[in-house]
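Below you'll find the structure, written out as structure tokens, and then a few comments.
Residues take their numbers from the sequence shown, with the count starting at 1. If you're wondering where the values come from, they're calculated on a predicted model, not measured in any experiment.
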Amino acid sequence: MMMAGLRERKKEQTRRRIFQVALRLFDERGYDQVTVNEIAEAAGVAKVTLFSYFPTKECLVTDGVKDDLAAVVTGRPEGCSPIEALRAHYRATAAPVAKDMDVETLITRIRVISSSPALLAAVYGAQMSQRHELAAALAGGREPDLTAHLTAAQITAAITTLQETFFHRLAAGAPLEEAARQLAGDVEVAFDLLEHGLTYTEEEKHEKGHQL
């Protein structure tokens with residue numbers, strides 16, 4: 001067990017080193033100007049080792065940008081609606097976000113993605129995949145109908161907006177703790193709107209201290 005744990009830690013260290021080296025090179029020279037061979041050499045690993053951790057060059061930056069919303073929906077407790085399950089998921093992830101986040105790495109990653117059409121396209125593709133998978137989960141095993149697709153589109157758009165707002169605050173210099181606190185409030189606003197839609201009145205927003 002101890003040896004297995006040591007191997008896992010070493011693998012995670014190698015993965016982290018490759019990611020950090022790739023991100024630094026992409027930020028310094030531009031995504032398209034850096035080759036996988038250069039990254040592998042700078043990280044001190046073989047090219048085949050790099051690809052065992054990151055199957056494509058794009059994955060060196062975009063790995064992990066897609067949240068598995070479908071799994072949250074399909075794995076929800078009995079009697080819990082999809083919106084309730086997703087609210088609980090993002091409420092839980094917003095609360096501890098300040099504990100172990102590397103803000104500098106996050107901002108660099110966003111900068112690299114924003115400056116590359118290829119990476120922007122990859123992120124868009126991941127978001128589209130996420131939306132279709134969520135629609136299938138909402139359909140409960142049936143072929144997703146228009147309602148499922150529209151619902152999935154609204155949910156994924158709301159979550160993307162939450163993430164973008166959080167990133168912009170950090171990039172503007174907001175302290176991580178304050179940005180995380182605001183994110184927690186934003187999650188409630190987003191899911192109140194998703195749950196109640198246009199019936200979420202100005203009076204209700206005022207009562208909860210929300211402002212749009």
Taking the side chain as C-beta and beyond, is there a heavy-atom pair between Ile18 and Thr14 under 4.5 Å? yes

Minimum heavy-atom separation for Phe166 and Ala180, please, with both atom names. CE1-N, 3.9 Å

CD1 (Ile110) and CG (Leu119) are apart, to the nearest 0.5 Å, by 13.0 Å

Does the distance from a Lys or Arg side-chain N to an Asp or Glu carboxylate O, for Asp192 and Arg87, drop under 4.0 Å? yes

The test is side-chain contact (heavy atoms from CB on, under 4.5 Å); show your working for Lys11 and Tyr53 and say whether it passes. CA-CA 9 Å; Lys11 286 173 64 176; Tyr53 288 97; 3.7 Å; yes

Quick test of your reading of the model: are Glu41 and Lys47 salt-bridged, counting only N-O distances below 4.0 Å? no

Minimum side-chain heavy-atom gap Phe167-Ile107 below 4.5 Å: no

The test is salt bridge (charged side-chain N to carboxylate O under 4.0 Å, His left out); show your working for Glu178 and Arg181 and say whether it passes. CA-CA 5 Å; Glu178 174 61 19; Arg181 185 191 66 77; 2.7 Å; yes

Is it true that Arg15 and Glu8 make a salt bridge, defined as a side-chain N closer than 4.0 Å to a carboxylate O? no

What are the two closest heavy atoms between Thr74 and Ala137, and how far apart are they? CG2-CB, 3.7 Å

Going by an N to O cut-off under 4.0 Å, is there a salt bridge joining Glu28 and Arg24? yes

Check this for me, if you would: do Glu84 and Arg76 make a salt bridge, where the nitrogen-to-carboxylate-oxygen distance has to be below 4.0 angstrom? no

Can you tell me how far apart CG (Leu194) and CG (Leu86) are? Round to the nearest 0.5 Å. 8.5 Å

Out of curiosity, Gln127 CD to Gln130 CD, how far, rounded to the nearest 0.5 Å? 7.0 Å

Output yes when Arg109 and Asp102 qualify as a salt bridge under the 4.0 Å nitrogen-oxygen rule, no when they do not. no

Would you mind reporting whether Leu162 and Tyr90 have side-chain heavy atoms less than 4.5 Å apart? no

Mark yes or no for whether Ser116, through its side chain, and Val112, through its backbone, hold a donor-acceptor pair below 3.5 Å. no

Leu23-Val103 co-clustered via ILVMFWY side chain contacts under 4.5 Å: no

Nearest heavy-atom contact between Ala135 and Ala148 is O-CB, 3.7 Å

Keeping Thr49 on the side-chain end and Val45 on the backbone end, is there a donor-acceptor pair under 3.5 Å? no

In this structure, CG of Leu170 is separated from OG1 of Thr165 (nearest 0.5 Å) by 11.0 Å

Phe26 ring centre to Lys57 NZ or CZ under 6.0 Å, with the angle to the axis within 45°? no

With the 4.5 Å side-chain cut-off for hydrophobic clustering, are Leu106 and Val123 part of the same group? no

Test item: Arg16 and Thr105 side chains (from C-beta on) under 4.5 Å apart, heavy atoms: yes

Out of curiosity, Ile155 CD1 to Leu134 CG, how far, rounded to the nearest 0.5 Å? 5.0 Å

With hydrophobic residues grouped by side-chain heavy-atom distances under 4.5 Å, do Phe191 and Val72 end up in a single group? yes

Ignoring hydrogens, what is the shortest heavy-atom contact between Ala139 and Pro144? Give both atom names and the distance. CB-CA, 3.7 Å

When you measure from the side chain of Asp67 to the backbone N and O of Leu69, does any donor-acceptor pair fall under 3.5 Å? no

Are the side chains of Arg111 and Asp27 in contact, using a 4.5 Å heavy-atom criterion? yes

Nearest-0.5 Å distance that lies between atom CD in Glu188 and atom CG in Leu193: 11.5 Å

Side chains of Glu38 and Thr35: any donor to acceptor distance under 3.5 Å? yes

Going by an N to O cut-off under 4.0 Å, is there a salt bridge joining Asp186 and Arg169? yes

When every non-hydrogen atom of Cys59 is compared with those of Phe54, the smallest separation belongs to O-CD2, 3.5 Å

Test side chain to side chain donor-acceptor pair (under 3.5 Å) on Ser129 and Glu133 and set out the steps. CA-CA 6 Å; Ser129 173; Glu133 290 168 6; 3.1 Å; yes

Compare every heavy atom of Ala40 with every heavy atom of Leu50, then report the nearest pair and how far apart it is. CD1-N, 3.9 Å

Before giving the answer on side-chain contact (heavy atoms from CB on, under 4.5 Å), spell out for His149 and Leu138 the whole-Å C-alpha distance, their side-chain angles and the decisive distance to 0.1 Å. CA-CA 9 Å; His149 282 294; Leu138 292 170; over 6 Å; no

